[in-house]
J.: 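Here it is: the structure, laid out below.
As the structure lists them, so they are numbered: ligands from 1, and atoms in each ligand from 1.
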Amino acid sequence: MTTPAPDGVITIDDMHLGIPQIIATYLLTGDEPALVDPGPDSTLPALEAGLAAQGLGLGDIRSILLTHIHLDHAGATGSILARNPHVKIYVHTIGAPHIIDPSRLLKSANQLYGEMMETLWGTTVPVPSESVVTLEGGEMLDLGGRTIHVFDAPGHAKHHVIYLDQQSGGAFIGDNGGVRLPELPFARPATPPPDIDLEAWDGTLLMLDELMPSWLMLTHFGAYADVESHLSDFRTRLAHWGEYVRKGMESGASEEEQLAALWQLVAQESAGLSQEVQDALIRQTGALASSWHGLARYWRKRASA
Ligand SMILES: [Zn+2]
């Protein structure tokens with residue numbers, strides 16, 4: 001099956017835990033092949049298989065563009081560098097220290113995933129600092145004649161950037177546009193701790209709207225050409241989730257009750273979808289509890305600011 005994507009971009013399914021359409025890596029083809037979000041170390045064999053299908057190997061990759069440093073997007077970076085030390089790594093300046101020394105990142109992931117860490121993400125190895133190019137937004141990258149515009153894009157994480165590929169009109173938005181499956185008309189928020197910022201996120205979505213890309217490229221999962229409706233629906237949905245969690249916190253209900261209420265909201269939004277699609281969406285989003293915690297943390301931070 002070929003997944004639709006803009007010209008010059010190949011979608012590689014990283015087959016996370018053997019399951020399709022959870023994590024995508026994008027291959028930018030051309031004289032200097034590049035990857036957007038190589039995925040976790042655990043899915044490196046699937047990434048290599050996807051590259052092989054294009055007649056390429058890790059040794060051909062010249063650059064890796066990280067939208068942000070969460071393990072499901074960036075965990076394989078160090079392992080790839082160990083195999084090909086010539087790859088340049090582009091990453092937000094706030095995220096860079098945590099791929100060079102991933103100990104803090106791994107510690108917080110460990111709190112979330114515990115003994116599932118190795119199964120989910122494999123082994124995350126440090127990235128040598130000399131391979132890292134830091135970004136703040138506003139840069140223009142030249143990848144073998146291919147121009148990529150970089151935008152600071154906080155919301156899902158404060159170290160998130162968006163890459164706009166001038167050639168294809170594709171905007172690689174990481175997790176800032178939520179998670180979506182190709183057969184669905186809408187995206188669902190994924191809002192894990194620690195640095196969800198709804199206000200900043202809304203600004204990022206408005207900026208994206210103004211950029212008017214031809215495609216939205218989601219890591220979870222795929223390329224979407226219904227840019228305007230995706231963005232406006234997602235903006236509304238994200239705000240609604242935020243308000244829902246805020247009101248739950250104000251109500252004095254227990255954490256369990258609030259989480260159950262969020263499940264109810266998800267059930268309402270998913271009405272009419274098959275059980276299979278609903279399960280697939282939940283897998284993509286990660287635990288719903290983690291989304292609740294991320295939003296609750298945002299509101300607590302705001303209250304104490
Ligand atoms: Zn993600």
J.: Strictly distance-based, threshold 3.5 Å: is any side-chain N or O of Trp292 a donor or acceptor partner for the main-chain N or O of Pro192?
T.: no
J.: Hey, would you say the His92 and His98 ring centroids sit under 6.0 Å apart?
T.: no
J.: Determine whether a donor-acceptor pair (N or O, by modelled atom type, separation under 3.5 Å) exists between the side chain of His149 and the backbone of Gly138.
T.: no
J.: Test side-chain contact (heavy atoms from CB on, under 4.5 Å) on Val91 and His68; report intermediate values, then the result.
T.: CA-CA 7 Å; Val91 62; His68 63 301; over 6 Å; no
J.: Specify whether His156 and His73 have parallel, tilted or perpendicular ring planes, treating 30° as the upper limit for parallel and 60° as the lower limit for perpendicular.
T.: tilted
J.: Return the set of protein N, O or S atoms whose distance to the Zn ion (ligand 1) is under 2.8 Å, each given as residue and atom.
T.: Asp72 OD2, His73 NE2, Asp175 OD2, His220 NE2
J.: Enumerate the salt bridge (Lys or Arg N to Asp or Glu O under 4.0 Å) contacts for residues 37-55, please, sequence neighbours excluded, ordered by first and then second residue.
T.: Glu48-Arg83
